[in-house]
Chemist: 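My structure is below; once you've seen it, I'll send some questions.
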Amino acid sequence: MFKSGVGFLALFGLGWWLLGSSPFGGLMRQVLIAVGCAVMVGLMFAARRFLPSSAGGPFPVGRRQRFNQINGLQWLLIIVIAAVCRHVGEPVLIPPLVAVVVGLHFLPLAAVFEQPRLRIPAALMIASGAAGMTVWLTNGPDETVRLVVGLLSALSLWGTAVWTVAGAASAAGQGAGDEGSGGA
């Protein structure tokens, strides 16, 4: 589940969902948290059910090193963004800028994993960050920046997870159909 990326997409999607739901209070916030947790758990169960246990397989050494370098750089940039935004008194810019960095990190990962489809969440995450920046640049409230970036990012990551699981389920269904129809 984690080798296929679905586990990471589900968990980080929940993190973005929690950020996006932060402007709400009371019962609405509790419902949104419950919905986010349910989606995350549902994706985990779906991945466990439909993805082969070897999905993604063990990383070859070179691929693992490149993956670690990309993720290390991503986290370093996130730390720098957080420090600089806090230093200049604009912590509201952290989520949009982080969304852009996360989106950009999918581009080299698409090459590392030979998965061009990772360009889709890259574009969606970058668009999410750009949408949050647009809200901020038009003097929108901080809560709206968090709402826009958080919910769009969560839906982007969860959508990619669903796409991954659905593709595996479809391939498994076609494989079963091919086995049943061949050989008569």
Side-chain angles (χ1 to χ4, degrees), residues 1-59 63-64 67-68 70-72 74-75 78-79 82 94-107 109-110 112-113 115-129 131-132 143-176:
M1 156 174 30
F2 281 93
K3 289 180 185 174
S4 67
V6 172
F8 294 110
L9 295 167
L11 288 171
F12 283 107
L14 176 62
W16 285 107
W17 182 264
L18 294 175
L19 173 74
S21 66
S22 67
F24 299 97
L27 181 60
M28 179 63 144
R29 176 77 198 264
Q30 293 172 2
V31 168
L32 289 171
I33 290 171
V35 166
C37 290
V39 169
M40 183 212 48
V41 169
L43 286 169
M44 296 282 204
F45 280 128
R48 189 166 174 85
R49 166 78 171 88
F50 295 109
L51 295 175
S53 60
S54 63
F59 292 150
R63 186 175 287 186
R64 182 181 25 215
F67 171 79
N68 289 337
I70 293 164
N71 276 319
Q74 172 194 236
W75 286 106
I78 289 171
I79 290 166
I94 295 171
L97 293 174
V98 167
V100 169
V101 167
V102 170
L104 290 172
H105 111 287
F106 278 114
L107 295 173
L109 288 181
V112 167
F113 294 121
Q115 293 289 326
R117 67 186 185 84
L118 288 177
R119 293 181 190 138
I120 302 298
L124 293 171
M125 291 296 295
I126 292 167
S128 169
E143 294 81 12
T144 305
V145 172
R146 290 195 314 270
L147 174 78
V148 167
V149 175
L151 296 184
L152 289 176
S153 295
L155 294 173
S156 298
L157 296 177
W158 286 342
T160 302
V162 167
W163 186 20
T164 301
V165 172
S170 175
Q174 287 176 352

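Atoms considered below: every heavy atom in the structure, side chains included; atoms not considered: hydrogens, waters and symmetry mates. Because the structure is a prediction, the values reported are computed rather than measured.
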Chemist: Hey, could you give me the CZ/CE distance between Phe12 and Met40, rounded to the nearest 0.5 Å?
Modeler: 12.5 Å
Chemist: Any side-chain heavy atom of Leu11 sitting closer than 4.5 Å to one from Met44?
Modeler: yes
Chemist: Enter the distance from Leu109:CG to Asn71:CG here, rounded to the nearest 0.5 Å.
Modeler: 6.0 Å
Chemist: What's the verdict on side-chain hydrogen bond (donor to acceptor under 3.5 Å, both in side chains) for Arg146 and Ser21, showing C-alpha distance, side-chain angles and the deciding distance?
Modeler: CA-CA 8 Å; Arg146 290 195 314 270; Ser21 66; over 6 Å; no
Chemist: Heavy atoms only: give me the nearest Ala131-Leu152 pair and the separation to one decimal.
Modeler: CB-CD1, 4.0 Å
Chemist: So which heavy atom on Pro95 is nearest to which on Val149, and how close?
Modeler: O-CG1, 3.6 Å
Chemist: Between Ile126 and Val100, what is the shortest heavy-atom contact and its length?
Modeler: CG1-O, 3.9 Å
Chemist: Report yes if some heavy atom in the side chain of Arg64 is under 4.5 Å from a heavy atom in the side chain of Asn68; otherwise report no.
Modeler: yes
Chemist: Should Leu43 and Leu9 count as side-chain neighbours, where that means a heavy-atom distance under 4.5 Å?
Modeler: no
Chemist: Nearest heavy-atom pair of Pro23 and Glu143: which atoms, and what distance?
Modeler: CG-O, 3.1 Å
Chemist: Please examine the side chains of Ile120 and Phe106, heavy atoms only from C-beta on, and report whether any two atoms are closer than 4.5 Å.
Modeler: no
Chemist: Considering only residues two or more places apart or on different chains, which pairs with a residue in residues 148-159 satisfy side chain to side chain donor-acceptor pair (under 3.5 Å)?
Modeler: Ser128-Ser153
Chemist: So, applying side-chain contact (heavy atoms from CB on, under 4.5 Å) with Trp17, which one of Leu151, Ile33, Val39, Leu157 is it?
Modeler: Leu151
Chemist: Quick check: closest heavy atoms across Val145 and Pro96, and the distance to 0.1 Å?
Modeler: CG1-CG, 3.8 Å
Chemist: I'd like to check Trp16 versus Met125 (side-chain heavy atoms, cut-off strictly below 4.5 Å). Are they in contact?
Modeler: yes
Chemist: Have Thr160 and Arg117 got a donor and an acceptor in their side chains that come within less than 3.5 Å?
Modeler: no
Chemist: Count the heavy atoms of every other residue, nucleotide or ligand shown that sit under 6.0 Å from CZ of Arg49, and state whether that count exceeds 12.
Modeler: no
Chemist: Between Arg63 and Phe113, is there a donor-acceptor pair closer than 3.5 Å when you use the side chain of the first and the backbone of the second?
Modeler: no
Chemist: Return the minimal non-hydrogen interatomic distance between Leu147 and Phe24, and the atom names on each side.
Modeler: CD1-CE1, 3.5 Å
